[in-house]
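Everything below concerns the one structure shown next.
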Amino acid sequence: MDYQFKDIEQKWQQFWADNQTFKAEDKTTKPKYYVLDMFPYPSGAGLHVGHPLGYIASDIFARYKRLKGFNVLHPMGYDSFGLPAEQYAIQTGQHPAVTTEDNIATYRRQLDQIGFSFDWSREVRTSSPDYYKWTQWIFMQLFNSWYNKAADKAESITKLVEHFEKNGSAGVNAVCDEEILSFTADEWKAMSSNSQQEELLKYRLTYLRESTVNWCPALGTVLANDEVKDGFSERGGYPVEQKKMMQWSMRITAYAERLLQGLDTIDWPEPLKEMQRNWIGKSIGASVRFPIEKPAHNIELNAHYIEVFTTRVDTIFGVTFMVLAPEHELVAELTTPGQKANIEAYIAQTKKKSELDRMADAKTVSGAFTGSYVLNPLNGELVPIYIADYVLAGYGTGAVMGVPSGDQRDYLFAKHFNLNIVPILDTQNITTEADPTKEGKYINSDFINGLTYKEATAAVIAKLEEIEAGKAKVNFRMRDAIFGRQRYWGEPVPVYFKEGLPHLISESDLPLLLPEVDKYLPTESGEPPLARAEGWKHPDGEYELSTMPGWAGSSFYWYRYMDAHNDKEFASKEAIAYWRDVDLYIGGSEHATGHLLYSRFWNKFLKDIDLVIEEEPFKKLINQGMIQGRSNFVYRLIDEEGRGTNTFVSHGLIGQYKTSPLHVDVNMVENEVLNINKFKAWRDEYSNAEFILENGKYICGVEIEKMSKSKFNVVNPDDLIARYGADTLRMYEMFLGPLEQSKPWNTNGIEGVFKFLRKFWRLFHNDAWVFTVLGAEPTKAELKSLHKIIRKVEEDVERFSFNTSVSSFMIAINELTDLKCNNRRVLQDLVITLSAYAPHICEELWVMLGNEAGTLSYAAYPKFNPAYLVEDEFAYPISINGKTKMNLNISLSLEPKEIEEFVLANADVKKYLDGKQPKKVIVVKGRIVNMVV
RNA sequence: GCUCAGAUGGUGGAACUGGUAGACACGCAGGACUUAAAAUCCUGUUCCCGUUAAAGGAGUGCGGGUUCGAUUCCCGCUCUGAGUACCA
């Protein structure tokens, strides 16, 4: 029979499901291999051809590893909490759980069609209570932990309490809030229980912190940064303001150094590691205290100094002003009566701007003088204090020292406010802009005059430490992560409040179920949707009303797959001891500073409290490239009055007419040729369209854009599978190019892959489509083709070069077709080799070859034998001055000297040399002969 | 601005450690089979000059360098894509 991909694929997909072919074993002597895909958010739009790219690659890898004798864990699930389902619920009233369920069903159907070897018995959904029970449980562990810097790990909060009871706060070296109390053991014991809890909250790894959020009063809701455009809500266009709120936060900064160091131990793409490094943003510098000059308004101040962080402490003698963030806590105190109006106006103006606007508007200089001064701690000079919104409250200390000679931003600021600009290096040229150079010797700089950068930095820090005005300091850009959203469709936080203090619910009450609400909107008073839940109340207090952010559920899910149905633990000790970590993780780079960072953080925490074994969760990571859309256009002719007509001009001719481009559905275009009948049928208005053709065809224009419905460039895998089958789709997606490269989707070449699979099928059949395979001894040529591909696939898969394997398969099949190969031994090995890429057709042929159904997935990958590839001759390229002129067959047993003689004796070579003797002859054995004349 | 990745025929791409540039496939052109189409098969296809063929020349974004030899290594630039930013 001809290649009936539809029947074959359905049959085997059913077989795999019925027989649980890909169920991973938890107890086996085989070595383990864990291949993980980033689980998808099940969106309403379903899958387009870009989504499965990474899944196909990981599936090929997983299947390959099974053939190589590994016990492979290759699971799939859904990151099913998220905003779109909630948005949809707000609009339609449909419960997000229902929407999510529907979407998952669509995803599952689409995934099944592609023939993935997932172990579905381990499926997880982050929105299912038996899953988020463990998300909540891990939150509780974080709440019950603090970071001990001395041990450089997280420890139980009870250990901290023990320390307080014995020694008070002395000797505690923790990552914690800034305003912690100092107390003795007796003072601690004398504290009320509530005061103790209040103090402990400053140490916990998840804690409450006042954070600013984008608050939209009209919508009564908090918005994400990308939902705000120019200070107005994207939805509705209402004004948005910055509002302070108590929010749950995660003390990820405790792990900053370990997150940075860990990057050197994992096999991830360098650009991705670089992104995380930048995000963590370690900078080494110094903190310096500038004493406040007695203020002009003569009020007794609480603060006596302003602390700044700088990476260029060597420039301290160039300081001519100081700038505070408008939100800095000392601003009010420092403002003199004369400057009060100015400062308040400036603060009001800043408040209106979102953080994004403040960053975007980098060009204009703005600020206001407080009227107060600090003293330079090293030379006692008076330094005026300004506020300006280019200084961010959230970074460093929220205050910077202004060195206009060395920093361009400070330079502009100084020019604008007419402040001094003092050069500090003899090489500095500061006539038109700042010069941040570190070369040269210091000038105007007191005791560091004449020193170099390195010497000066060390000298200044030593002096500052001596006079207790500063010290060397490491600063991180990364901030603690906010862990709360004022939304409905997320994990409830397992916390209730009593007398204003948070308490964990009892572990036996987990999961804390997401309650039902009448509407998915905030309440009239601006409380989150959970406030609408009737009767949702803890016996001892009020539940937390915010839910966890999107990244909560995805920060440990790879452990849940190890033991997905365990209701005692998130995964058993044994399961974790066996599977340990993810060997290969495939997904998009868009998660670089979100999911991938938070996951590493939680993993390190779980290791600290001895729940997991590995410091890093994902040993190797591959980013698949984005599949872009490829839009097609028709060109509508514009008449003299500038109105659109119903005539369309082919792309090659648009230079001769006045036209306007129009997106056209890519599914009616093949190889840029428009299917005119489909176009006419597309919409009524085009039913009597006319066309100006070239060579009898209408050629469409092409542009690369994001894949989206509105651009009519979405290609659905279902359509392609219906037309060519899953095996063709799988191979074609790989054939498209290197996995890690972003590329536009283009269906044009898919025929070639389809033809290839048919040709492969034909190898096993005679002209009448009767299965015909002979058991004879394979020929040398057949074995050579076979072993070439065995080696090639092995090499390619190990380095994730799937596109080149597909080419090589084509070459192998072309060769074997030419050899009229129908040898059982050769073809059977070929089936195993190809099965990772095109599993359905291979399963079918495997059974036809007389093997037991379903055993192919666990067959042994053929052993490569180099003996079959040994050549005794090689067609040496003979080149003169690096240009190849001809090829000569020469025995590979000849040594370079003999080759040279043989080549020089050749009549054709003599002709090229034209009687001259080459100056030099380079012979590389098995590669090339080059003559220099 | 900074960081990273990339640029090869009409198209997607190959060339793994410096050694025959353009594998494989699409498209296109021509042909066979066919009443016709589909399917299949064959031939050609980097460009220029020339043309029955041959022979020549140029050629991997641009300019330079190292080398017997560079798509590959080095220096400078242009463009494209991604990430990121008043980070002190």
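Sequence lines set the chain letters: A, B, ... in the order given, protein chains first and strands last, and positions in each chain run from 1.
- Residue A:Val924 is classed as a base contact, given a heavy-atom separation below 4.0 Å to a base.
- When atom types are taken as modelled, the side chain of A:Gln428 and the backbone of A:Ile424 share a donor-acceptor pair closer than 3.5 angstrom.
- Across every strand in view, B:rA82 sits in a pair with B:rU3 that passes the Watson-Crick or G-U test at under 3.5 angstrom.
- When heavy atoms are screened at a 4.0 angstrom cut-off, A:Thr884 is found touching the sugar-phosphate backbone but no base atom.
- What separates CZ of A:Arg723 from P of B:rA38 is a distance of 14 Å, to the nearest Å.
- Rounded to an integer number of Å, the gap from CG of A:Leu272 to P of B:rU84 is 11 Å.
- Across all strands shown, nothing is found opposite B:rU66 as a Watson-Crick or G-U wobble partner with both distances under 3.5 Å.
- Across all strands shown, B:rA53 forms no Watson-Crick or G-U wobble pair with both key distances under 3.5 Å.
- Mapping A:Pro738 and A:Asn475 onto RNA chain B via the closest heavy atom, the residue that lands nearer the 5' end is A:Pro738.
- The side chain of A:Thr804 lies closest to B:rA15, out of B:rA15, B:rA23, B:rC68.
- In the set B:rC41, B:rA88, B:rA85, B:rC41 carries the atom at the smallest distance from any side-chain atom of A:Lys759.
- Distances were taken from every side-chain heavy atom of A:Asn930 (C-beta onward) to each of B:rG69, B:rA88, B:rA15; the shortest belongs to B:rG69.
- Comparing atom distances between the A:Tyr390 side chain and each of B:rC68, B:rU3, B:rC86 picks out B:rC86 as nearest.
- A cation-pi arrangement is not found for A:Arg758 relative to A:Tyr3, the charged atom failing to lie both closer than 6.0 Å to the ring centre and inside a 45° cone about the ring normal.
- Between A:Lys282 and B:rC87 there is no side-chain polar atom (N or O) within less than 4.0 angstrom of OP1 or OP2.
- Closest to the side chain of A:Arg409, from the set B:rU20, B:rA5, B:rC86, is B:rC86.
- Proximity note for A:Pro271 (side chain, C-beta onward) versus B:rA5, B:rU11, B:rC87: the nearest is B:rA5.
- Of the side-chain N and O atoms in A:Tyr395, one or more sit less than 4.0 angstrom from OP1 or OP2 of B:rA88.
- Residues A:Gly318 and A:Pro404 approach most closely at O-CD, 3.7 Å, considering heavy atoms.
- Protein atom NZ of A:Lys743 is 18 Å distant from nucleotide atom P of B:rG81, rounded to whole Å.
- A salt bridge links A:Lys788 to A:Glu815: at least one charged side-chain nitrogen sits closer than 4.0 Å to a carboxylate oxygen.
- Going from the P atom of B:rG9 to that of B:rC47 covers 11 Å, rounded to whole Å.
- Residue contacts shown for A:Gln741 are limited to sugar-phosphate atoms, with no base heavy atom under 4.0 Å away.
- Within the 4.0 Å cut-off from OP1 or OP2 of B:rG69, not a single side-chain nitrogen or oxygen of A:Arg927 is found.
- Rounded to a whole angstrom, the distance from the C1' atom of B:rC74 to that of B:rU84 is 29 Å.
- Evaluation of atom-type donor-acceptor distances gives no pair under 3.5 Å for the side chain of A:Asn748 against the base of B:rC26.
- Residue A:Thr804 holds its OG1 atom at 3.0 Å from CG of A:Asp796, rounded to the nearest 0.5 Å.
- Distance from the side chain of A:Arg762 is smallest to B:rC41 among B:rG13, B:rC24, B:rC41.
- A distance of about 13 Å separates the P atoms of B:rG13 and B:rG6, rounded to the whole Å.
- Look at A:Arg758 and you'll find a side-chain N or O under 4.0 angstrom from OP1 or OP2 of B:rU40.
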Worked verdict on A:Asn713 versus A:Ser631 for side-chain hydrogen bond (donor to acceptor under 3.5 Å, both in side chains) = CA-CA 5 Å; A:Asn713 60 3; A:Ser631 308; 3.0 Å; yes
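- In this structure, the ring of A:Phe754 has its center less than 6.0 angstrom from the ring center of A:Tyr724.
- A:Asn887 places its CG atom 10 Å from the P atom of B:rU20, with the value rounded to the nearest Å.
- If you check every strand for non-hydrogen atoms under 4.0 Å, A:Pro744 touches nothing.
- Note: NZ (A:Lys885) to P (B:rA55) measures 11 Å, nearest angstrom.
- Relative orientation of the A:Phe735 and A:Tyr732 rings is tilted, given thresholds of 30° and 60° on the angle between their planes.
- Pairing of B:rU43, defined by two Watson-Crick or G-U wobble distances under 3.5 Å, is identified with B:rA29.
- Using a 4.0 Å heavy-atom criterion, one finds that A:Ile811 contacts the sugar-phosphate atoms exclusively.
- Atom name C1', nucleotides B:rA25 and B:rA36: the rounded distance is 29 Å, in whole Å.
- Across the strands present, B:rA88 finds no partner; the criterion is a Watson-Crick or G-U wobble pair with both atom distances under 3.5 angstrom.
- An OP1 or OP2 oxygen of B:rA88 is reached within less than 4.0 angstrom by no side-chain nitrogen or oxygen of A:Gln408.
- Taking only side-chain atoms of A:Thr593, from C-beta outward, the nucleotide of B:rC16, B:rA88, B:rU84 with the closest atom is B:rU84.
- As judged by a 4.0 angstrom heavy-atom cut-off over every strand, A:Lys792 is placed among the base-contacting residues.
- With A:Tyr453 as the aromatic partner, A:Lys438 meets the cation-pi criteria of under 6.0 angstrom to the ring centre and within 45 degrees of the ring axis.
- Under 4.0 angstrom from either OP1 or OP2 of B:rA14 there lies at least one side-chain N or O belonging to A:Asn803.
- Of the candidate nucleotides B:rA23, B:rG19, B:rC68, B:rA23 has the atom lying nearest to any side-chain atom of A:Ser807.
- Taking atom CD of residue A:Glu733 and atom P of nucleotide B:rA25, one finds them 20 Å apart after rounding to whole Å.
- Across all strands shown, B:rG9 remains unpaired; no Watson-Crick or G-U wobble contact has both distances below 3.5 Å.
- Nucleotide B:rG30 carries an anti base; the chi torsion (O4'-C1'-N9-C4 or O4'-C1'-N1-C2) is more than 90° from 0.
- Between the OH atom of A:Tyr411 and the P atom of B:rG1 there is a distance of 20 Å, rounded to whole Å.
- Of the two residues contacting RNA chain B, namely A:Leu736 and A:Val929, the nearest-nucleotide position lying further toward the 5' end is that of A:Leu736.
- Between B:rC68, B:rC24, B:rU3, one nucleotide has an atom nearer to the side chain of A:Asn278 than all others, and that is B:rU3.
- The partner of B:rA38 is absent, by the rule that a Watson-Crick or G-U pair needs both atom distances under 3.5 Å.
- Within the nucleic acid shown, A:Thr310 comes within 4.0 Å of sugar-phosphate atoms alone, with no base atom in reach, counting heavy atoms only.
- Pairing for B:rA14 is absent, with no Watson-Crick or G-U wobble pair whose two atom distances lie under 3.5 Å.
- Protein atom CZ of A:Phe309 is 16 Å distant from nucleotide atom P of B:rC86, rounded to whole Å.
- Using the six-membered ring where Trp is involved, A:Tyr598 and A:Trp551 have ring planes that are parallel, under 30° apart on the 30 and 60° scheme.
- Across all strands, A:Asn814 comes closer than 4.0 Å only to sugar-phosphate atoms, never to a base (heavy-atom distances).
- Taking atom P on both nucleotides, B:rA5 is separated from B:rA53 by 47 Å, rounded to a whole Å.
- Residue contacts shown for A:Phe735 include a base, since a base heavy atom lies under 4.0 Å away.
- Comparing the C1' positions of B:rU40 and B:rU51 gives an interatomic distance of 33 Å, to the nearest angstrom.
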